[in-house]
Peer 1: 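A single structure is presented below for examination.
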Amino acid sequence: MLFFDRAMLAMGNILFLIGLTVIIGPRKTLVFFARRQKAKGTAAFFIGLALILARWPFIGFVVELYGIAVLFGDFLGTAASFARRAPVVGPYIGAVLDRIPLLSQRRNAELPV
């Protein structure tokens, strides 16, 4: 039950947004969230955050998960190709990832930013 603590989820979301801003910069963060292709994901993420702050943590968390999947879904292919190049365990990770249909289709995906 403590996993869905409203204060912890809100603090995690705020720290996520701050971390993203520090890593890619304020302008690119704003451009990333303001893209037309990512409007559904942006809306879902911020509606989920509002639901968490309005004391609906479980529903807000589920809505946020959808938003994050839409926002960062294109990045999964890039992360998978990076994991395939890891020394020693890369071939094993690649064999597991080849069995996942969504990741095998997005092998050459672009970075989300």
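Excluded from the calculations below are hydrogen atoms, water molecules and symmetry mates; all remaining heavy atoms, backbone and side chain alike, are included.
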Peer 1: Could you check whether atom CZ of F82 has more than 12 heavy atoms from other residues, nucleotides or ligands sitting under 6.0 Å from it?
Peer 2: no
Peer 1: Which ILVMFWY residues are connected to V96, directly or by a chain of links, through side-chain heavy atoms under 4.5 Å apart?
Peer 2: none
Peer 1: Identify each donor-acceptor pair in which a side-chain atom of residues 58-71 lies under 3.5 Å from a protein atom, sequence neighbours left out, and give them as a table.
Peer 2:
unit_1, atom_1, unit_2, atom_2, d
E64, OE1, N13, ND2, 3.2
E64, OE2, N13, ND2, 2.7
E64, OE2, L49, N, 3.2

Peer 1: For L30, which fellow cluster members are found when Ile, Leu, Val, Met, Phe, Trp and Tyr are connected by side-chain heavy-atom distances below 4.5 angstrom, either directly or through intermediates?
Peer 2: none
Peer 1: Is there a continuous path of hydrophobic side-chain contacts, each under 4.5 Å between heavy atoms, that joins M8 to W56?
Peer 2: no
Peer 1: Are the aromatic ring centres of F32 and F72 under 6.0 angstrom apart?
Peer 2: yes
Peer 1: With side-chain hydrogen bond (donor to acceptor under 3.5 Å, both in side chains) as the rule and sequence neighbours excluded, what pairs involving residues 15-25 come up?
Peer 2: none
Peer 1: Residues in ring pair (Phe, Tyr, Trp, His ring centres under 6.0 Å) with F33, at least two apart?
Peer 2: F46
Peer 1: Side-chain contact test, heavy atoms from C-beta onward, threshold under 4.5 Å: evaluate it for R84 versus D98 and give yes or no.
Peer 2: yes
Peer 1: So, the side chain of T42 versus the backbone of A39: is there a donor-acceptor pair under 3.5 Å, distance only?
Peer 2: no
Peer 1: According to side-chain contact (heavy atoms from CB on, under 4.5 Å), who are the partners of V89, at least two apart in sequence or on a separate chain?
Peer 2: A86, I93
Peer 1: Identify the heavy atoms of G25 and T29 that sit nearest to each other, and give their distance.
Peer 2: O-OG1, 2.7 Å
